[in-house]
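For reference, the structure is listed below as structure tokens.
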Amino acid sequence: MLLVMDVGNTNIVLGIMEGDKLLTSFRLTTQVPRTSDEYGVTITGMLQQKGIQVKDVKDVILASVVPDIMYSLTNSIKRYFNLKPMIVGPGLKTGLAIRTDNPREMGADRIANCVAAYEKIGGPCIAIDFGTATTYDVVNDKGELIAAITSPGIRICADAMWHRAAQLPHIEIKKTKNILDAKNTITSMQTGLVYGYIGQVEYIVKQVKKELQAPDMKVIATGGYAKIIQDGTDAIDYYDGLLTLKGLNIIYKKNR
């Protein structure tokens, strides 16, 4: 069994792969500072709750965009699993050619998303990750990452309203049934936030297709808020909440 880990700014998403099959997945919050022992006990405890023993995990691969926790996290893997994790970064084979100004700037999670998207739906394609930030990564028909677009995530936008406007409350991110359902403060914020974000997605996707002259290119979405946005637009063709973990599995097999 392979333990795959996607270390994001908000959550750490973990999964257990057996071949190409994802057996189970679970999440930890990222923002809580933890020691290597706390990580080790928490992760092994969650695995055991799923009926998986530590000895059954034969290897680990992870992608991280949070450098500050890497020392404790990697030490926990070494101590509790007796394994040295494979870390997505420079020098690791991904099968993805990165045609940006500085390929080393690309987040490991975005690389994994593109690898999985290209294998699943081919190119050209756009992989959108609705996380702390929303990322739009464009892969051409040759399997090359040619553009990487980043915008504030929908939760960041919601929190900005809450923090910067004294009379606006903290809200649940939820799509109202209709745009004219904005009849009180909460629904007003929810409608503006979600429908405004849908507008962003549709415009960026439309413009990418136009500039690439690829009107039939496919779009796949992942991340915590992807379903909310997908339910309100035809701009997204596929949804895969575990796209990053699947990409990590593909990268692992290329380097095994």
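Residue numbers count from 1 along this sequence. None of the values given here were measured: they were computed from a predicted structure.
Nearest heavy atoms, F26 versus I43: CZ-O, 4.4 Å. Residue Y39 comes nearest to V32 through the heavy atom pair OH-O, 4.4 Å, listed as atom of the first residue, atom of the second, then distance. Closest heavy-atom contact between T176 and Y195: O-OH, 2.9 Å. Closest approach of Q190 and E172 over heavy atoms only: NE2-O, 3.0 Å. In this structure, I220 and A117 approach most closely via the heavy-atom pair CG2-CB, 3.7 Å. What you find for A63 and D109 is that their closest heavy atoms are CB-N, 4.0 Å.
K142 contributes no side-chain N or O that, together with a main-chain N or O of V139, makes up a donor-acceptor pair within less than 3.5 Å. With hydrogens and angles disregarded, a donor-acceptor distance shorter than 3.5 Å links the side chain of N249 to the backbone of G19. Judged by distance alone, with hydrogens and angles left aside, the side-chain atoms of T74 form a donor-acceptor pair with the main-chain N or O of Y71 at under 3.5 Å. Judged by distance alone, the side chain of T30 and the main-chain N or O of G8 form a donor-acceptor pair under 3.5 Å. Distance alone, capped at 3.5 Å, is enough to place a donor-acceptor pair between the N255 side chain and the K93 backbone. Side-chain atoms of T233 do not come within 3.5 Å of backbone N or O of Q230 as any donor-acceptor pair. In this structure, N113 contributes its side chain and A116 its backbone to no donor-acceptor pair below 3.5 Å. Side-chain N or O atoms of S76 include one that pairs as donor or acceptor with a backbone N or O of L73 at under 3.5 Å. Within the 3.5 Å criterion, the main-chain N or O of E38 finds a donor-acceptor partner in the side chain of T35. Formation of a donor-acceptor pair under 3.5 Å by the Y238 side chain with backbone atoms of K218 is not found in this model.
In this structure T187 satisfies the side-chain hydrogen bond (donor to acceptor under 3.5 Å, both in side chains) test together with N184, sequence neighbours excluded. In this structure D20 satisfies the salt bridge (charged side-chain N to carboxylate O under 4.0 Å, His left out) test together with K253, sequence neighbours excluded.
Note that CD1 of I149 and CG of D137 are 8.0 Å apart. Values are rounded to the nearest 0.5 Å. For the atom pair OG of S72 and CZ of R79, the computed distance is 10.0 Å after rounding to the nearest 0.5 Å.
The number of heavy-atom neighbours closer than 6.0 Å to CD of Q207, taken from other residues, nucleotides and ligands shown, is above 12. Applying the 6.0 Å contact sphere to CG of N102 captures more than 12 heavy atoms from other residues, nucleotides or ligands. With a 6.0 Å radius and a threshold of 12 heavy atoms from other residues, nucleotides or ligands, D234 has its CG atom at or below the threshold.
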Apply side-chain contact (heavy atoms from CB on, under 4.5 Å) to residues L145 and R110 and explain how you reach the verdict. CA-CA 10 Å; L145 175 59; R110 299 176 75 159; over 6 Å; no
**Message:** side-chain contact (heavy atoms from CB on, under 4.5 Å), that's the test. Do V66 and N9 meet it? Break it down for me.
**Reply:** CA-CA 6 Å; V66 191; N9 289 296; 3.9 Å; yes
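Side-chain atoms of T100 and E105 include no donor-acceptor pair closer than 3.5 Å.
Applying side chain to side chain contact (heavy atoms under 4.5 Å, CB included) to V208 and the options I126, V219, I146 leaves one that passes, I126.
Contact check on D240 versus K246 returns a salt bridge, with a Lys/Arg side-chain nitrogen under 4.0 Å from an Asp/Glu carboxylate oxygen.
No chain of hydrophobic side-chain contacts below 4.5 Å, direct or via other Ile, Leu, Val, Met, Phe, Trp or Tyr residues, connects I156 to I171.
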